[in-house]
Amino acid sequence: MIKITFPDGTSKEYERGISIEQIAGDISSSLKKQSVAGYVNGDLYDLNRPIEEDASVEIITRKDQKAFEVLNHSAAHLMAQAVKRLYPDAKFGVGPAIREGFYYDIDTKEPIREEDLLKIENMMRRIVKEQQSMERKELSREEALAFFNDDPYKTELITDLPEDEIITVYSQNEFTDLCRGGHIGNTKNIKFFKLLSIAGAYWRGDSSRNQLQRIYGTAWFTQEDLEKHLEILAERKERDHRKLGKELRIFELSNDAGQGLALWLPNGYTVRKILEDYVYKLEKKAGYLHVSTPVLGTKRLYEISGHWDHYRENMFPVMERDGETFVLRPMSCPHHMIVYKSDLRSYRDLPIRYAEIVTQHRYEASGALSGLERVRAMTLTDAHLFVRKDQIKKEVLDAYNLILQAIDDLGLEIEYVELALRDKAKGKFHDNDELWDLAEKLMKELLDEEGIEYTAMTGEAAFYGPKIDIQVRTAMGHVITMSTVQLDFLLPERFDLTYIGQDGEKHRPVVIHRGLISTWERLMSILLEQYKGAFPTWLAPTQIRVIPVSLDNHDKYAKKINDLFIDYDLRSELDMREEKLGYKIRAAQTEKIPYQIVVGDDEVNNETVTYRKYGEKEQVTVPTKEFIHMIQEEIINKSK
RNA sequence: GCCACUUUAGCUCCUAACAGGUAGAGCAGUGCCAUGGUAAGGCAAAGGUUGCUGGUUCGAGUCCAGCAAGUGGCACCA
């Protein structure tokens, strides 16, 4: 007999070799039904794997996130088995569960196409019907290598496993895969799934190696869950900023204008201008000084900064004129270094915070471009803070808090905070251990002291220093960088920046790079997706649409209140087209205008307006002045 | 950049063009008529070198090749 201890501290004796499934069944038949796998002394166990010794056991049920992973991991195996049947020459890379499903990387002679997914799905269903038991087996390294000797990918994986790792395989009838487990026990347990897409993926994420075909899919415990997930996927497409941006006339991407070079249409530019003004005020209040520097700069400038060495492949080709070589700037830090050097600085002057609306160009890989999310010409509010060493923590923290405020004002949500650190093994970072250690230590201390949770990302730092990146999630589920605060001891060295200290000697300032809310392009994509195109009133390109009931009788009043709104700096438009009322209302709704106002006899006689707020059915009649007051309040408060 | 797929009117067309036979619709826009209360009034005309360049064919939106852009991913992302 062995002793099994449960999470609540109770324990019970069972026969040696009992399984999670049997234990669950012993507790209750409903638990048995819900159980998917379990933890035995912290190790993930399949339902049917025998437990050989005293252990603490935790049963994983369908409700747990881990259960979803187990199911999807098993679905990946199921798919691989189906692919192997249809493509006997298939070789397999890795096939893990991911956030919303699973994928498997597959190498076949004949490419798999999107239309083949249905065929694979059907084969999967057949295997589900065959009720293949998924059997776990431990192999020695030699046995494993012998078994997978015709699959170079699996062979490489086995070779790279640590010496002491127990190598396990899982078999479902004729198909055996190298796998750590856990699994769902039997293919019959994988009932509700769908294959979603196919894409290329480099073997082991290395672009110098083979490219495999990655099939993405998703598996759920119930039909309803699967359908719900597919609905979410469909809804994401509705939120896609590329679709909304076109419908709402926000921006244009044209082949003729150039790949990745976005054109801002009037509606988009109106929003952008509001954001620019908002940011300007925010920075003013936080003590930033605004400057303006050119899009073009000498190559020398970037050689001094080190960007030429570290960032050249992301820059557009150089231009030559009058014996000087120019580049389109990919960032503004070097220019701001020169601005700092334009005067002699005292320790009393610091911190100096330079901010600028910067347009910059980066040669992004063509495959990386995506709507407004990733472009080749971008404009952002960039800032560089020149500080003394004793001011670092406060200034980093202030910058971080300013970012939080902007994100909050814009109604956005942070996915997580990243601390990007260097990887000493990689050559892309500048070489000064002492400064790096200091910079990284300061950043960690600061985050810890403030109780800010973060994920450390080794090797993700800028070449000149560590950075705190604030990540958000797009409608399509991608995580992208929204804001950044970066600590830099290098550029002050390279530009020989100094200030005169209290002691009368020259000292080296430290630079903090700050990206507030990404670029206007990326921010617009995020806002469109966040609000599904229905901007809050303070940001909406058009805030009010005034519609007269009758063009003959109410046109004067409509014009009068429209003018009044404009006098109060409200973005109001009059719809005087010769169309039916219903048509104009529908137009105002599809354009997602926050306030649609209809005026007729009642309003004319009482000096009122009848408005309907976007997203609501209710109509409200109020005195015109009251309406103005209300909407102004809403704008000032940046109500979402 | 790499792999796969896609590209027809300003927009949407896996709800066009059956298998190669000379391009259709809805919306928007235009004109005329109609015109009073919260999501599409009627009629009409117009709108296209089917992404570009070649090829096969009596004949190409359709088949083939190259290029470009876009989409899904991968790689990249100061």
Side-chain angles (χ1 to χ4, degrees), chain A residues 103 105 107 111-117 196-216 237 240 242-243 246-247 249 252-260 302 305-307 310-315 329-334 360 362-371 373-374 382 420 428-429 460-465 467 469 476 478-481 484 486 488 491 513 515 522 547-554 577-591 596-603 610-612 614 616-619 621:
Chain A
Y103 68 76
D105 287 348
D107 188 7
I112 299 172
R113 290 167 307 165
E114 206 125 337
E115 62 198 65
D116 298 324
L117 294 184
L196 297 171
S197 66
I198 184 152
Y202 294 108
W203 170 236
R204 309 203 101 179
D206 183 344
S207 60
S208 68
R209 306 197 64 180
N210 230 6
Q211 202 163 36
L212 309 183
Q213 301 169 87
R214 176 172 296 179
I215 302 178
Y216 284 91
K237 280 195 185 147
D240 190 327
R242 291 166 294 195
K243 177 177 151 73
K246 191 167 261 312
E247 284 170 4
R249 313 261 138 83
E252 177 75 9
L253 285 165
S254 143
N255 225 341
D256 292 330
Q259 201 184 3
Y302 287 86
S305 72
H307 287 101
H310 291 278
Y311 201 65
R312 193 182 342 177
E313 62 287 358
N314 286 303
M315 292 166 70
R329 68 165 167 204
M331 54 199 61
S332 63
C333 8
Q360 55 194 30
R362 294 179 183 184
Y363 180 75
E364 300 282 356
S366 60
L369 301 173
S370 176
E373 204 175 292
R374 198 79 181 267
D382 205 1
K428 67 174 186 168
F429 304 103
E460 300 293 313
F463 77 84
Y464 46 73
K467 43 181 197 167
D469 281 348
M476 301 311 280
H478 304 150
V479 171
I480 52 178
T481 302
T484 184
Q486 310 174 356
D488 179 4
L491 259 44
H513 303 244
R522 180 172 285 186
I547 304 169
V549 172
S550 152
L551 280 184
D552 294 334
N553 303 320
H554 313 121
R577 291 178 293 178
E578 297 204 347
E579 289 289 351
K580 297 286 242 198
L581 185 59
Y583 178 89
K584 295 184 185 182
I585 285 162
R586 184 183 146 79
Q589 292 295 316
T590 53
E591 288 171 55
Q596 137 200 322
I597 284 182
V598 176
V599 290
D601 286 344
D602 292 347
E603 288 77 12
T610 298
Y611 70 83
R612 187 170 124 189
Y614 181 79
E616 290 170 17
K617 276 272 164 229
E618 181 194 19
Q619 300 161 42
T621 304

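Reminder, nothing fancy here: chain letters follow the sequence lines and each chain counts from 1. Nothing here was measured: the structure is a model prediction, and the numbers come from that model.
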Pairwise N/O distances under 3.5 Å, protein to nucleotides 3-8 of chain B:
| unit_1 | atom_1 | unit_2 | atom_2 | d |
| --- | --- | --- | --- | --- |
| B:C3 | O4' | A:Gln211 | OE1 | 2.4 |
| B:C3 | O2 | A:Gly200 | N | 3.1 |

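Looking at heavy-atom distances under 4.0 Å, A:Glu247 makes no contact with the nucleic acid at all. Counting non-hydrogen atoms under 4.0 angstrom, A:Glu313 reaches nothing in the nucleic acid. The residue A:Thr610 sits close to a base: some heavy atom pair falls under 4.0 Å. Within 4.0 Å of A:Lys584, counting heavy atoms only, lies no atom of the nucleic acid at all. A:Gly582 comes within contact range of the sugar-phosphate backbone alone, with a heavy-atom separation under 4.0 Å but no base atom that close. Among the atoms of the strands shown, base atoms are found under 4.0 Å from some heavy atom of A:Ala368. In this structure, A:Asn553 reaches the bases: a heavy-atom distance under 4.0 Å links it to at least one base atom across the strands shown.
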Treat a base pair as Watson-Crick or G-U wobble with both distances under 3.5 Å, then lay out RNA chain B in dot-bracket form, 5' to 3', with | for cross-strand pairs. (((((((..((((.......[..))))..((((.......))))......(((((..]....))))))))))))....
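Residues A:Glu373 and A:Arg242 have side chains not in contact (no heavy-atom distance under 4.5 Å, counting atoms from C-beta outward).
Remark: the separation of the P atoms in B:G29 and B:C5 is 39 Å, to the nearest Å. B:A19 sits 16 Å from B:C14 when the P atoms are compared, rounded to a whole Å. Look at the C1' atom in both B:G55 and B:G20: the space between them is 15 Å, to the nearest Å. Taking atom C1' in both B:C11 and B:A28, one finds a spacing of 7 Å when rounded to whole Å. Here the separation of B:U53 from B:U7, taken at their C1' atoms, is 16 Å to the nearest Å. B:G10 and B:G47 are spaced 12 Å apart, taking the P atom of each and rounding to whole Å. Separation of the P atoms belonging to B:G1 and B:C67 is 11 Å when rounded to the nearest angstrom.
Of the side-chain N and O atoms in A:Ser366, one or more sit less than 4.0 angstrom from OP1 or OP2 of B:G1. Phosphate contact (OP1/OP2 of B:G73, side-chain N/O of A:His478, threshold under 4.0 Å): present. In this model, the phosphate group of B:G70 is approached by a side-chain N or O of A:Gln259 to a distance below 4.0 Å at OP1 or OP2. Side-chain nitrogen and oxygen atoms of A:Arg374 include none within less than 4.0 Å of the OP1 or OP2 phosphate oxygen of B:C77. The phosphate of B:G37 has neither OP1 nor OP2 within less than 4.0 Å of any side-chain N or O from A:Tyr583. Phosphate contact (OP1/OP2 of B:C74, side-chain N/O of A:Tyr216, threshold under 4.0 Å): present.
Closest to the side chain of A:Arg586, out of B:G41, B:A68, B:A40, is B:A40. Out of B:A39, B:C74, B:G36, the shortest distance to the side chain of A:Lys617 is found at B:A39. In this structure, the nucleotide among B:G37, B:G36, B:C2 sitting nearest to the side chain of A:Val598 is B:G37. For A:Lys580, taking side-chain heavy atoms from C-beta onward, the closest of the listed nucleotides B:A68, B:G41, B:G37 is B:G41. For A:Arg577, whose side chain is taken as the heavy atoms from C-beta onward, the closest listed nucleotide among B:A75, B:G29, B:C76 is B:G29.
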Check the pair A:His310, A:Tyr464 against side chain to side chain contact (heavy atoms under 4.5 Å, CB included), reporting the backbone distance first and the verdict last. CA-CA 10 Å; A:His310 291 278; A:Tyr464 46 73; over 6 Å; no
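Two rings, from A:His307 and A:Phe463, have their centers less than 6.0 Å apart.
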